[in-house]
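None of these values were measured; they are calculated from a predicted model.
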Amino acid sequence: MVDALGVAVVGFGWMGRVHTQAYARVRHHFPRLPLRPELVTVAEEVPDRAEEAAEQFGFASATRDWREVAADPRVRAVSITAPNFLHREIGVAMAEAGKHLWIEKPVGLTGADARAVADAVARAGVQGTVGFNYRNAPAVEAARDLIAAGEIGTVTHARIRLFSDYAAHPDGALTWRYERERGGSGVLGDLASHGADLARFLLGDIASLTADTAVFVPERARPTGATAGHALASGGEPGPVENEDYVSCLLRFASGARGVLEACRVSVGEQNNYGFEVHGTRGAVFWDFRRMNELAVSRGTTYQDQPVSTVYVGPGDGEFAAFQPGAANAMGYDDLKVIEAYRFLRSIAEGRPCGATLADAVHSAAVLDAMTVSAGTGTWVNLPVS
């Protein structure tokens with residue numbers, strides 16, 4: 001018996017579209033899932049965008065007011081893909097209305113925002129999944145298993161990088177993403193939040209850090225109309241970029257390992273250059289998002305001049321088997337969100353967390369807050385260790 005589950009999407013930019021497509025695909029890849037998501041309503045304040053989404057994707061209704069979603073008894077689960085400054089208000093309201101949440105990172109502007117949503121979810125007894133999609137890559141899960149099994153020895157140091165050029169153009173519009181009040185942090189919340197989650201997912205708690213940030217494109221033109229994604233704007237009134245383009249951070253893990261996390265949104269020549277290198281006493285493992293289905297692995301007992309092999313992930317790794325029948329068949333970005341949708345729906349069906357949770361969002365937000373403090377004071381900042 002498969003139960004219908006009414007779902008809604010709040011915020012219909014690019015990420016709202018990705019969530020919607022994931023709902024449409026999830027039972028194709030996971031046919032034993034006991035829930036069937038039904039697209040009930042979509043909320044978007046930009047005129048006509050919600051109606052266009054409803055027509056294209058088959059939502060039963062559309063609205064410009066997310067509060068109507070909270071009050072809609074047909075809706076049992078909600079994707080929150082609105083701008084960051086709305087995450088806390090919408091997330092708390094949806095949880096209090098008894099809706100399960102699939103919410104995009106960084107879950108608000110600060111650690112306090114993430115904790116408020118997490119607390120609301122706990123009080124309401126609903127499930128909450130967070131959009132840390134890169135941890136869902138089968139190769140990343142395989143790397144985690146390899147590290148935990150001690151195949152590269154004791155981890156000594158790691159580097160996590162997230163370089164992109166989406167904000168590199170000087171004519172990039174001054175949208176909410178560049179404002180403290182609505183966007184909060186800049187590349188911290190957008191890319192480094194993923195880096196903080198990957199660091200903890202792979203290597204455990206971060207005990208302390210020191211960070212440096214910079215703004216390299218200090219002024220942009222305000223858009224004259226509605227925007228989506230990373231639109232260009234010229235001729236509009238110029239305004240200041242209020243949050244960081246770049247962050248570099250030294251990490252000390254509770255295990256004693258050391259790390260470097262670096263992220264930038266204005267890296268000319270870098271298109272989604274996301275990945276990590278983890279080194280241990282007997283080997284190393286490397287992952288590049290642009291070659292998402294591969295790991296480079298060095299392991300053995302020769303130490304010096306030890307070779308590195310390319311390993312293609314396959315049906316035994318993560319959720320790979322739900323998408324491809326054999327190793328080296330490619331998966332893509334949207335597949336990671338289908339995995340996320342599956343784990344969200346599975347958590348609802350089973351009544352227990354599955355995948356990245358609000359607790360993970362709180363941990364990531366605490367790291368971002370510590371980076372902000374450190375960059376402002378030039379000091380090392382300690383973090384709570386579980």
Side-chain angles (χ1 to χ4, degrees), residues 15 18-19 22 26 29-30 79 81 101-107 114 118 127-149 155 158-162 164 188-206 251 253 255 257 259 261-263 272-278 285-297 311 313 316-323 331-347 352-368 386:
M15 189 53 66
V18 172
H19 276 230
V26 66
H29 296 280
F30 300 95
S79 281
T81 57
L101 304 183
W102 179 9
I103 185 168
E104 277 303 315
K105 49 73 182 136
V107 189
Q127 297 299 318
T129 292
V130 179
F132 290 128
N133 42 267
Y134 299 110
R135 62 155 63 191
N136 297 327
V140 173
E141 295 191 289
R144 187 193 195 200
D145 292 344
L146 181 152
I147 292 165
V155 172
R159 184 168 78 101
I160 298 169
R161 69 186 186 283
L162 299 109
S164 185
L188 288 185
D190 192 19
L191 296 181
S193 57
H194 282 298
D197 181 66
L198 282 174
R200 182 168 169 268
F201 183 71
L202 293 168
L203 304 174
D205 285 343
I206 297 168
L251 308 171
F253 291 90
S255 66
L261 192 161
E262 193 176 14
N272 298 326
N273 182 359
Y274 309 151
F276 56 76
E277 301 108 43
V278 180
V285 59
F286 311 89
W287 180 71
D288 186 329
F289 169 65
R290 297 164 301 177
R291 303 174 71 94
M292 192 178 83
N293 305 289
E294 301 176 15
L295 285 177
V297 181
V311 177
V313 294
D317 300 307
E319 305 292 352
F320 186 94
F323 297 86
M331 290 175 60
Y333 174 89
D334 283 14
D335 295 332
L336 303 184
K337 302 306 275 191
V338 174
I339 293 172
E340 210 164 272
Y342 163 66
R343 290 175 174 172
F344 174 48
L345 296 171
R346 182 179 164 190
S347 72
R352 62 181 182 85
C354 182
T357 67
L358 268 300
D360 296 312
V362 169
H363 280 285
S364 176
V367 172
L368 303 186
S386 57

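Residues passing the salt bridge (Lys or Arg N to Asp or Glu O under 4.0 Å) test with R343 are E141, E319, sequence neighbours excluded. Among residues two or more places apart in sequence or in another chain, the salt bridge (Lys or Arg N to Asp or Glu O under 4.0 Å) test is passed with E294 by R291.
Distance check, rounded to the nearest 0.5 Å: CG of L251 to CD1 of I160 gives 7.0 Å. The line from NE2 of H19 to CD of E104 is 3.5 Å long, rounded to the nearest 0.5 Å. The structure places CG of L295 at 11.0 Å from CG of D288, a figure rounded to the nearest 0.5 Å. A distance of 6.5 Å separates CD1 in I103 from CG in L358, rounded to the nearest 0.5 Å.
Panel note: side chain N293, backbone M331; a donor-acceptor pair is recorded below 3.5 Å. Checked by atom type and distance alone, the side chain of W287 pairs as donor or acceptor with a backbone atom of M292 at under 3.5 Å.
The side-chain heavy atoms of T129 and S347, taken from C-beta on, include a pair separated by under 4.5 Å. For the pair F289 and L162, the minimum side-chain heavy-atom distance is 4.5 Å or more.
Salt-bridge annotation for K105 and D197: absent, with no side-chain N of the basic residue lying under 4.0 Å from a carboxylate O of the acidic one.
No side-chain donor from either of N272 and R290 sits under 3.5 Å from a side-chain acceptor of the other.
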